[in-house]
Amino acid sequence: MISLNSGDYMDVVLPINGVHGAVVLDYHYRKNMLFFADVNLDVIRRVNLLNLSESKVIISTDVLTPNGISIDWVADNVYWSDTDRKIIEVARLDGRSRKRLIQDDLGDPRSIIVYPKKGYLFWSDWNSPSKIERSYLDGSNRSVIVSSGIGFPTGLTIDFENRRLLWADALEDNIGQVDFNGRRRMTIVSYAPHPFGLTLFENSLYWTDWYNKSVYRSQRSPRNGYGNPLEVRDALNGALDIRAFSLSRQPNIVNFCSHDNGGCSHLCLHRGLDYVCACPDRIDPDDIECSLKPKFLVNERLENHQLAEYSDESPDDVTPPEHEENIKKNDVTDHSKNSDTQREFLVLVALGVVIIMVFIVILVIFMLAFNTKNKTTRSSRESSRSVLTFSNPNYNIDGTPMEPKTNIWKRFKYEKPHGIIILSENVHHG
């Protein structure tokens with residue numbers, strides 16, 4: 001663990017017994033639990049962060065090479081990928097209710113990450129050609145979002161504020177990002193040698209260099225993006241995965257599964273606009289009967305209202321779906337009203353122009369009649385009278401400058417001390 005509260009970034013080895021080949025990890029902030037996959041023992045373990053001597057193996061059968069792990073901190077589920085078995089699975093935090101989610105067309109599944117707010121599951125596949133895919137948390141609505149220009153994508157992480165998926169490329173030695181639909185792709189760190197783990201905290205990226213046994217940081221500025229990488233720690237033997245331990249990385253989110261498991265008997269899997277109850281592949285004899293129907297229905301309107309309260313996105317992005325049609329109708333109505341107002345304004349302007357022109361015509365007629373009368377009078381007078389001449393005055397129009405706009409930068413405060421957790425083991429990787 002490296003504490004971010006101190007400026008020297010000193011690392012401390014956590015006294016966790018029985019760590020052999022820990023390659024990936026994640027945590028549950030609210031429950032103070034650390035999860036990691038051990039590829040030497042072929043197990044997934046859970047550790048109590050308040051009592052590091054308290055640990056438990058939650059997955060120990062039918063697992064060969066778990067190279068990715070991610071925690072759904074809202075529904076209290078753990079997801080993992082198994083490279084050798086070519087599968088992605090899900091279970092409860094204690095390992096119960098285990099279920100296969102995705103097993104078709106998986107070549108070499110590696111890093112995975114979940115976003116409970118959107119109900120998204122992302123994973124990388126190192127099979128040739130490499131790619132990054134996305135589905136809902138139940139494995140449905142699967143799609144490829146990155147399929148070209150990548151080597152070994154790893155270290156998937158979410159930028160909540162900007163709604164981006166980030167990854168480190170262990171072959172191309174860079175760090176890239178896309179939006180959740182695979183658009184707006186860009187390279188944000190052009191040179192990051194030998195990256196493996198990647199995490200985001202506040203305005204800084206942190207990643208591990210498995211070859212140089214280091215942790216690097218790149219700080220983001222509002223105008224210039226991410227700056228040059230700086231080495232914050234070295235001599236970390238076999239440093240692989242990395243996570244920023246902070247409430248900001250697992251914010252309070254309300255969705256269908258956040259209240260009493262969504263009424264599901266076993267697994268509650270969020271899908272963005274709805275959710276499903278799922279049964280495990282094998283039910284223990286002493287387990288309760290599994291039902292695909294929830295015991296109660298979550299109030300969708302209440303759910304979306306609460307979602308906006310804890311949203312890490314802008315209000316425009318969290319409009320409840322059931323109101324979208326009404327909003328479109330209101331937009332059409334408002335547009336019609338604006339059009340009527342514009343027509344009324346044009347009519348008034350035209351009427352004003354007509355009145356002014358009529359006034360000018362009358363004035364000209366009056367002046368012509370007056371001048372004709374004076375001319376007749378002047379012609380009867382003696383020639384010693386002088387002739388009057390006139391000139392038109394000039395007028396200038398002044399403009400007013402635009403007032404400058406201002407930008408406001410906001411910072412977030414967190415309830416608990418935060419830091420970066422690193423699990424390292426001297427493991428050979430080919």
Practice task
Any ring pair (Phe, Tyr, Trp, His ring centres under 6.0 Å) involving residues 89-114? Give me the pairs, sequence neighbours left out, ordered by first then second residue.
Solution key: none

Problem - Beyond-backbone contact of T199 with F201, side-chain heavy atoms, under 4.5 angstrom - result: no

Problem - Basic-acidic side-chain contact under 4.0 Å: D62, R100 - result: no

Exercise for the section: Examine distances only and state if a side-chain atom of Q250 and a backbone atom of Y27 form a donor-acceptor pair shorter than 3.5 Å. Expected result: yes

Handout entry: Shortest non-hydrogen separation from V23 to N67 and the atoms involved
Key = CG2-OD1, 4.1 Å

Fill in the blank from the handout: Applying salt bridge (charged side-chain N to carboxylate O under 4.0 Å, His left out) to R185 and not counting sequence neighbours gives none

Problem - Single hit among F180, Y136, W167 for ring-ring contact (aromatic ring centres under 6.0 Å, His included) with F122 - result: F180

Exercise for the section: Establish, yes or no, whether a centroid distance under 6.0 Å links the rings of F296 and H259. Expected result: yes

Practice task
Can you sort out the partners of D72 under side-chain hydrogen bond (donor to acceptor under 3.5 Å, both in side chains), two or more places apart, ordered by chain and number?
Solution key: none

Practice task
Check the side chains of N174 and T187 for a donor-acceptor pair under 3.5 angstrom, ignoring hydrogens and angles.
Solution key: no

Practice task
Compare the SG-SG distance of C257 and C268 against 2.5 Å and report whether it is shorter.
Solution key: yes

Pairs under 3.5 angstrom only: tabulate donor-acceptor contacts from the side chains of residues 143-157 to other protein residues two or more places apart or in another chain.
from, atom 1, to, atom 2, distance (Å)
T154, OG1, F196, O, 3.2
T157, OG1, R249, NH2, 3.3

Practice task
Determine, for R85 against D42, whether the closest basic-nitrogen to carboxylate-oxygen distance falls under 4.0 angstrom.
Solution key: no

Practice task
Provide the closest heavy-atom pair for S140 versus S135 in the form atom of the first, atom of the second, distance.
Solution key: O-CB, 3.3 Å

Fill in the blank from the handout: All heavy atoms of D125 vs all of P109, minimum pair found to be OD1-N, 4.1 Å

Exercise for the section: Count the heavy atoms of every other residue, nucleotide or ligand shown that sit under 6.0 Å from CG of N17, and state whether that count exceeds 12. Expected result: no

Problem - Contacts of type side-chain hydrogen bond (donor to acceptor under 3.5 Å, both in side chains), residue Y226, not counting sequence neighbours - result: R220

Exercise for the section: Determine whether D209 and P193 make a side-chain contact, defined as any pair of heavy atoms from C-beta on separated by less than 4.5 Å. Expected result: yes

Problem - N51 atom CG: more than 12 heavy-atom contacts under 6.0 Å - result: yes

Exercise for the section: Return yes if a side-chain donor-acceptor contact under 3.5 Å exists between D84 and T65, otherwise no. Expected result: yes

Problem - Heavy-atom side-chain contact between I188 and R164 under 4.5 Å - result: no

Problem - N181 and R134: side chain donor to acceptor below 3.5 Å - result: yes

Exercise for the section: With sequence neighbours excluded, give me every salt bridge (Lys or Arg N to Asp or Glu O under 4.0 Å) pair touching residues 137-150. Expected result: E133-R142, D138-R271

Practice task
Compare every heavy atom of F256 with every heavy atom of H270, then report the nearest pair and how far apart it is.
Solution key: CE1-CD1, 3.5 Å

Handout entry: Carboxylate-amine/guanidinium contact D281 R98, below 4.0 Å
Key = no

Exercise for the section: Tell me yes or no: between the side chains of R92 and S97, is some donor less than 3.5 Å from an acceptor? Expected result: no

